[in-house]
Amino acid sequence: MNFTRYGIYFTPRSGAFSDAGSAWLGWDLINGQVGEMHDNDITARPRKYGFHGTIKPPFSLNAGTHEADLKMAIIDLCATLEPVALEGLTLSRIGSFLALTPVGDVRELGRMAARVVQELDHFRAPANADEIARRKSAKLTPLQEENLRKWGYPYVMEAFKFHMTLTGPLPNALVGKVTADANAHFADLPPRPFLIDSLTLVGEAEDGMFREIQRYTLSRK
């Protein structure tokens with residue numbers, strides 16, 4: 001399968017938590033399959049990306065680089081990264097959308113994500129003028145603008161906040177109901193502690209949907 005963009009995600013391993021996320025969004029990232037959609041309207045925006053937490057945002061490959069080289073670089077990098085343990089996940093409102101966010105100290109997670117962004121960045125094609133203009137229209141802070149210029153995405157490095165997106169923008173009138181639905185749907189499924197012990201290379205196929213390509217264990221002891 002050919003991919004137009006790649007990303008480095010955290011994705012839950014196959015199991016009840018992963019299945020709940022796939023069912024909520026209506027897209028099974030691991031198997032590349034459409035599923036029953038919790039709500040076609042509220043989950044339409046995040047569906048294509050699958051149930052995940054972004055570590056390195058989606059990017060096109062730089063000229064002269066290849067998927068095979070990217071895979072080898074991820075293997076090498078993951079051999080130097082330790083798993084990150086968090087207390088758990090909680091349902092949060094971020095701006096106008098809902099997401100699962102970490103509970104507890106996230107500094108180690110932030111450091112790990114920064115290394116992934118930085119050390120794999122030579123694989124990323126520079127953002128084009130249209131992408132930069134679109135991002136800047138979101139009223140970025142000076143830090144976010146600098147990240148956009150340097151790393152191709154505003155919300156990395158010091159501006160990184162791990163989250164697993166569950167909805168697109170919600171009107172205020174729906175927030176209470178959707179929050180209750182999400183709490184009931186996920187119940188006690190998010191693991192406690194919440195362990196990030198692998199990273200997943202994903203690709204955006206020609207249909208616009210992201211699929212798992214390969215999972216890599218964080219193997220530094």
Side-chain angles (χ1 to χ4, degrees), residues 1 3-15 17-18 21 29-32 49-89 99-127 143-144 146-165 190-204 210-221:
M1 183 174 290
F3 298 104
T4 58
R5 291 193 297 165
Y6 296 86
I8 314 297
Y9 286 177
F10 164 78
T11 62
R13 298 181 186 273
S14 294
F17 183 43
S18 176
L29 178 74
I30 296 175
N31 297 303
Y49 300 99
F51 187 49
H52 78 286
T54 299
I55 302 297
K56 184 171 179 61
F59 57 93
S60 299
L61 282 179
N62 209 355
T65 63
H66 305 280
E67 181 181 310
D69 301 322
L70 175 60
K71 288 178 175 178
M72 289 304 302
I74 299 171
I75 290 172
D76 291 343
L77 176 58
C78 286
T80 73
L81 296 174
E82 296 179 4
V84 176
L86 302 164
E87 292 179 25
L89 294 173
L100 295 170
T101 60
V103 176
D105 189 339
V106 297
R107 286 176 293 181
E108 285 299 323
L109 176 55
R111 283 190 281 268
M112 182 268 281
R115 282 195 59 195
V116 175
V117 168
Q118 182 174 10
E119 296 186 29
L120 298 177
D121 203 55
H122 60 287
F123 288 100
R124 177 184 61 84
L143 171 62
Q144 291 164 353
E146 175 63 14
N147 286 337
L148 178 61
R149 183 193 67 78
K150 188 172 183 179
W151 306 109
Y153 193 76
Y155 311 110
V156 294
M157 302 306 187
E158 295 88 346
F160 171 74
K161 294 182 179 179
F162 180 89
H163 58 280
M164 304 183 74
T165 304
R192 298 184 71 92
F194 176 60
L195 183 65
I196 295 179
D197 62 355
S198 65
L199 296 177
T200 303
L201 174 65
V202 298
E204 182 180 18
F210 280 80
R211 292 167 167 80
E212 176 180 305
I213 299 173
Q214 192 166 337
R215 181 183 297 274
Y216 303 85
T217 298
L218 306 184
S219 56
R220 181 183 176 190
K221 302 300 183 182

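Reckoned from all heavy atoms, side chains included, excluding hydrogens, waters and symmetry mates. Given the structure is predicted, the values throughout are model-derived calculations rather than measurements.
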>> For Ser18 and Thr11: C-alpha separation, side-chain torsions, deciding distance, then whether side chain to side chain contact (heavy atoms under 4.5 Å, CB included) applies.
In response: CA-CA 8 Å; Ser18 176; Thr11 62; over 6 Å; no
Does the side chain of [Y] come within less than 4.5 Å of [X]'s, by heavy atoms?
X	Y	answer
Pro102	Phe194	no
Pro57	Val156	yes
Leu77	Arg115	yes
Glu146	Met157	no
Leu86	Leu109	yes
Met164	Pro190	no

> Where does the angle between the aromatic ring planes of Tyr153 and Tyr155 fall among parallel (under 30°), tilted (30 to 60°) and perpendicular (over 60°)?
Replying inline: perpendicular
Determine yes or no for a side-chain-to-main-chain donor-acceptor pair under 3.5 angstrom, with [X] supplying the side chain and [Y] the backbone.
X	Y	result
Thr4	Glu204	yes
Thr65	Asn62	yes
Lys56	Val116	no
Arg211	Val202	no
Asn147	Pro154	yes

For [X] and [Y], work out which heavy atoms get closest and say how close.
X	Y	answer
Phe10	Ile55	N-CG1, 3.8 Å
Phe160	Gly110	CD2-CA, 4.1 Å
Ala73	Leu120	CB-CD2, 3.8 Å

What pairs with [X] under side-chain contact (heavy atoms from CB on, under 4.5 Å), at least two apart in sequence or on another chain?
X	result
Asn31	Asp28, Gln33
Lys71	Glu67, Leu201, Ile213, Gln214, Tyr216
Asp197	Arg13, Pro83, Leu195

Spacing of [atom1] belonging to [X] relative to [atom2] belonging to [Y], to within rounding of 0.5 Å:
X	Y	atom1	atom2	answer
Thr200	Ile74	OG1	CD1	9.5 Å
Leu61	His122	CG	NE2	10.5 Å
Arg5	Phe210	CZ	CZ	4.0 Å
Met112	Leu199	CE	CG	5.0 Å

>> Are Tyr9 and Phe51 an aromatic pair, judged by ring center distance below 6.0 Å?
In response: no
> Yes or no on salt bridge (Lys or Arg N to Asp or Glu O under 4.0 Å) for Asp121 and Lys150, after CA distance, side-chain angles and deciding distance?
Replying inline: CA-CA 10 Å; Asp121 203 55; Lys150 188 172 183 179; over 6 Å; no
> Is it the case that Arg215 and Ser198 place a side-chain donor and acceptor less than 3.5 Å from each other?
Replying inline: yes
>> So, using ring-ring contact (aromatic ring centres under 6.0 Å, His included) as the criterion, who are the partners of Phe162 when residues are at least two apart?
In response: none
>> Among residues at least two apart in sequence or on other chains, which ones pass ring-ring contact (aromatic ring centres under 6.0 Å, His included) with Phe59?
In response: none
>> Among residues at least two apart in sequence or on other chains, which ones pass salt bridge (charged side-chain N to carboxylate O under 4.0 Å, His left out) with Glu158?
In response: none
> Under the side chain to side chain contact (heavy atoms under 4.5 Å, CB included) criterion, do Ile30 and Ser14 qualify, and how do the steps go?
Replying inline: CA-CA 8 Å; Ile30 296 175; Ser14 294; 3.6 Å; yes
